[in-house]
2 protein chains.
Amino acid sequence: MTQDAFSKTLITTASDQVFVDMRREIVEGSIEQGSKISEPELAKRYGVSRATLREALNRLESCYLIERKANVGCRVVALTAERLIEVYQVRSALEGLACRLAADNMAADEVQSLKQLLNQHLQTQRVKEGESYYQEAGDLDFHYRIIKASKNEHLIHLLSNGLYQLIRMYRVQMGMVGPRVSKAFDEHLAIINAIENHDGELAELLMKRHISASQSNIQAKFDRYQSM
Amino acid sequence: MTQDAFSKTLITTASDQVFVDMRREIVEGSIEQGSKISEPELAKRYGVSRATLREALNRLESCYLIERKANVGCRVVALTAERLIEVYQVRSALEGLACRLAADNMAADEVQSLKQLLNQHLQTQRVKEGESYYQEAGDLDFHYRIIKASKNEHLIHLLSNGLYQLIRMYRVQMGMVGPRVSKAFDEHLAIINAIENHDGELAELLMKRHISASQSNIQAKFDRYQSM
DNA sequence: TTCTTTAAGATTGTCGACAATTTGTGGTTA
DNA sequence: TAACCACAAATTGTCGACAATCTTAAAGAA
């Protein structure tokens, strides 16, 4: 899988490595959602001490991938329909804000670069039809750039380090890969235009609508998944 | 100081205690903003091992009160004008959402209870004029109830455990105590009315405006503080 | 049988010590 | 003088072991 912009984490220490590895395994489902986590077992598996593992667990907790209870232990987050709605409500508000700020702040060359990304994205799409990871990474990169362009460090952190891994987890495990391609492209284009015109209000509205559509899409998959 | 609803944390372990204690000291300024944190020193001061202290530091990091760099250490967050703006932009978006959801979800008796809180709040205000903590706690409780009424657990967690301690830190250390009392009361009342009428759109707008006013207020204090 | 109690097992919380890395200081060289 | 390097001190990262707590399963009472 090609790595998306959200997943790039500077790895310095052993616990960084464990954190990144576990994050990937949880998001991709290798470590099953809702399952209990045994500290001794995982420490052995990653070849580190429990202290190091616990450091990683702490960080996984702050990005909402695991939940802890004192004297009881950790559990991987469970993907429920309710949580999906909650997360997307929050995402909509935050990314709407990011998009409005981006419309205010983004320089002309940044907008051009974003347009270029979108075109490139479309090309890849046509050539590699069916290979979903490119699209997934592409979509994420688009959102990432806009979030970055908000220039609001707190907001950037909240979305990149906090929310997006959980969103990815839903998308990956629901098998969100193909269908919404061309439609999402048009929506992205409309958002860029609003940003280019520095129309923050419109940009925010379009982004919220875009995310709302994404939510409906994933929710439909979720319902199908549930009824199997 | 009377404790506000946001600060109530269930204390089970030693690191819970250290976490709550340090949080209070950082918010109130006993541990100076921007100062470096020495793990051995603080561990000794709280009478716990470094492992326990580090557990607490991890949690302080996830509520944005300290910042860590690998192999370098922790530093208490620095209260800057830029960060204040960033935090309030995020707060406005999230609490606006919370308020809209509350307007959709809140039951009649919950609304009554909220009205009652506001009245009680006003009484206390008149009696204890000058004693600022009541007001501070009262205002926070008002916001807390609305956030809770959103019924969105993710949003609740994001605001209560994530953002509000940092907001409190600004308010406490800037000495936000007295002046905006009666005006804030009217704004609170208008918000309740919108919620009672289940007018989510209006409730969101009013809450955002209320927070925006709060921001201007605190920012003015900040500028005065800076120029001293 | 069903509910409560109790004890054994397993898991998490905490500790002190060691290893790895960074920081500060002093000396050397251009 | 200024820049660079080397070394020492201090700090953070990591480890294995012990203490406190929870879970489970067996034994006993209603």
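Side chains included, hydrogens not; waters and symmetry mates left out as well; all remaining heavy atoms used.
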Summary of protein contacts for nucleotides 9-15 of chain D, nucleotide by nucleotide, where a base hit scores B, a sugar-phosphate-only hit scores S (4.0 Å, heavy atoms) = ---BBBB

query = What is the per-nucleotide protein-contact pattern of nucleotides 5-10 of chain C, from the 5' end, where B denotes a base atom under 4.0 Å from a protein heavy atom, S denotes such proximity for sugar-phosphate atoms only, and - denotes neither?
reply = ------

Residue pairs involving [range] (criterion ring pair (Phe, Tyr, Trp, His ring centres under 6.0 Å); sequence neighbours excluded):
{"range": "residues 65-100 of chain A", "result": "none"}
{"range": "residues 50-72 of chain A", "result": "Y64(A)-H154(B), Y64(A)-H157(B)"}
{"range": "residues 22-48 of chain B", "result": "none"}

ask   = With sequence neighbours left out, what residues match C63(A) under side-chain contact (heavy atoms from CB on, under 4.5 Å)?
value =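 C63(A) satisfies side-chain contact (heavy atoms from CB on, under 4.5 Å) with F19(A), L65(A) once adjacent residues are dropped.
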
task = With sequence neighbours left out, write down each residue that passes side-chain hydrogen bond (donor to acceptor under 3.5 Å, both in side chains) with S150(B), or none if nothing qualifies.
result =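 Checked S150(B) against side-chain hydrogen bond (donor to acceptor under 3.5 Å, both in side chains); zero matches.
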
Pairs flagged by side-chain hydrogen bond (donor to acceptor under 3.5 Å, both in side chains) wherever residues 96-107 of chain A is involved - sequence neighbours left out =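 As it turns out, the side-chain hydrogen bond (donor to acceptor under 3.5 Å, both in side chains) pairs with a partner in residues 96-107 of chain A, which skip direct neighbours, are R100(A)-E204(A).
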
key: Residue pairs fulfilling salt bridge (Lys or Arg N to Asp or Glu O under 4.0 Å) with at least one residue in residues 148-165 of chain A, sequence neighbours excluded   =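 Passing the test, one end in residues 148-165 of chain A: E110(A)-K151(A).
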
